[in-house]
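One structure is given here, and the rest of the page talks about it.
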Amino acid sequence: MVGLILALDVMDRNRAIWLAREVSEYVDYLKVNYPLVLSAGIEIIRELSEIKPVIADFKIADIPYTSSLIARKAFENSAFAVICHGMAGSDTLKAVLDVSDEFGGEVYVVTELSSESEFLRKFSDEIAMLARDIGCHGIIAPATRAERVAQLRKIVGSMKILSPGVGAQGGSVEETIKAGADYIIVGRSIYTSDEPKAVARDIYERIKGLEV
Ligand code: O7E
């Protein structure tokens, strides 16, 4: 199964809801990050969940206790999954995983960012191993470096790989899927377009065309 995730980094509630509805037939999940939650409030996660399952991208990276509070807030507001920074370490990941288990949710772990990420890149293989060994559900791997997606796929086996960095950041849909990503995360290419639905459809069809 390969698919598309919309990164809804818009600052306006009504626009977010409109975009989500507009592209819903082509996306599997909606990813909500700080720009939208800080603008529209945490309730936006609940509202969007009625359209598609929501991944709360709070890139949780605190001590275990605080991290578990953040994760709980996301799941209580109907998030399907949360994203954690693997650099926070095993105790934080385990604390978040415990909360997600209570809600039947999922936890995805950032290995290295699609940007320069010069510090995380030194440890991203180990972060992926940790995410795998403690039973997280997936990792985030950079579409801007398809060779890293391929390498991380070898480490995580059948875990989900979600890859941001396609389009606005220069990554390619085809190379990222061929390298082993399950989901492509796309934001600006879709939500700044005059025709978000047409762009989402095009990406969806290209992804599905590569499905093995
Ligand atoms: O570049 P865009 O507009 O297509 O948006 C990409 C989205 O993915 C945006 O929300 C950004 O915060 C996120 N992202 C990256 O771009 N690079 C990363 O390495 C990690 C993420 C991310 O979403 O992490 C958790 C999935």
Side-chain angles (χ1 to χ4, degrees), residues 3-11 15-16 19-20 23 26-40 44-45 48 52-61 67 70-71 74 79-88 92-93 96 100 105-124 127-128 131 136-149 151-152 156 159-173 175-177 179 181-193 196 199-200 202-204 206-207:
L4 175 60
I5 298 170
L6 174 63
L8 257 178
D9 297 327
V10 295
M11 314 284 241
R15 172 113 184 118
L19 278 162
V23 305
Y26 303 115
V27 306
D28 297 283
Y29 301 102
L30 302 167
K31 187 179 78 69
V32 169
N33 198 336
Y34 290 110
L36 181 56
V37 167
L38 294 177
S39 307
I44 190 71
I45 295 181
L48 289 168
K52 283 281 162 175
V54 172
I55 301 172
D57 179 12
F58 296 150
K59 296 192 180 68
I60 303 170
S67 296
I70 298 168
F80 162 76
V82 295
I83 293 175
C84 257
H85 253 303
M87 67 173 176
T92 288
L93 292 186
V96 172
S100 80
E106 301 202 341
V107 178
Y108 308 135
V109 178
V110 177
T111 54
E112 61 187 66
L113 293 171
S114 54
S115 48
E116 191 59 32
S117 206
E118 63 268 51
F119 299 113
L120 285 183
R121 283 165 80 172
K122 295 186 179 142
F123 297 101
S124 51
I127 291 172
C136 294
H137 304 84
I139 60 163
I140 312 299
T144 46
R145 293 184 289 278
E147 72 286 0
R148 292 295 301 141
V149 176
Q151 168 62 18
L152 289 162
V156 302
M159 281 170 74
K160 290 180 192 168
I161 298 185
L162 285 56
S163 287
V166 163
Q169 297 179 52
S172 135
V173 172
E175 283 176 28
T176 309
I177 294 289
D182 299 293
Y183 295 96
I184 300 286
I185 299 173
V186 182
R188 284 165 287 179
S189 300
I190 294 175
Y191 69 71
T192 63
S193 161
V199 176
D202 174 64
I203 298 172
Y204 169 88
R206 284 159 60 197
I207 292 173

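We're numbering straight along the sequence, starting at 1. Ligands are counted one by one from 1 in listed order, and the atoms in each one are counted from 1 as well.
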Candidate pair I203 and V166, rule side-chain contact (heavy atoms from CB on, under 4.5 Å), full reasoning: CA-CA 10 Å; I203 298 172; V166 163; 5.6 Å; no

Protein heavy atom at shortest distance from atom 24 (O) of ligand 1: K59 CE, 3.1 Å

Location of contacts on A7 toward ligand 1, heavy atoms closer than 4.0 Å: side chain

More than 12 heavy atoms of other groups within 6.0 Å of Y204 OH: no

Q169 and ligand 1 - part of the residue with a heavy-atom distance under 4.0 Å: side chain

Distance-only N or O hit between ligand 1 and D57, under 3.5 Å: yes

Sub-4.0 Å heavy-atom contact, D9 with ligand 1: yes

Shortest protein contact, atom 4 (O) of ligand 1 (heavy atom only): G187 N, 2.8 Å

Region of L113 engaging ligand 1 - heavy atom pairs below 4.0 Å: both

Check: V32 main-chain N/O paired with D57 side-chain donor or acceptor under 3.5 Å: no

Backbone of T111 reached by a side-chain donor or acceptor of R121 within 3.5 Å: no

R188 neighbourhood, listing ligand 1 atoms whose heavy-atom distance to it stays under 4.0 Å: 1 (O), 2 (P), 3 (O), 4 (O)

Proximal atoms of ligand 1 relative to I185 (non-hydrogen, under 4.0 Å): 8 (O), 26 (C)

Distance-minimising heavy-atom pair for A181 and S163: CB-OG, 3.5 Å

Working for side-chain contact (heavy atoms from CB on, under 4.5 Å), residues I83 and K31: CA-CA 10 Å; I83 293 175; K31 187 179 78 69; 4.2 Å; yes

Value rounded to 0.5 Å, distance of CD in E106 from CE in M159: 10.0 Å

Residue, atom name and distance, where the atom is the protein heavy atom closest to atom 20 (C) of ligand 1: P164 CG, 3.4 Å

Atom 19 (O) of ligand 1: the protein heavy-atom neighbour that sits closest, reported with distance to 0.1 Å: S114 N, 2.7 Å

I140 CD1 to I127 CD1 distance, which is reported to the nearest 0.5 Å: 12.0 Å

Atom 12 (O) of ligand 1 - nearest protein heavy atom and its distance: N33 ND2, 3.1 Å

Nearest-contact summary for atom 26 (C) of ligand 1 - protein heavy atom, Å: I83 CD1, 3.1 Å

Parallel, tilted or perpendicular: ring planes of F80 versus Y29, cut at 30 and 60 degrees: parallel

Residue, atom name and distance, where the atom is the protein heavy atom closest to atom 13 (C) of ligand 1: K31 NZ, 3.7 Å

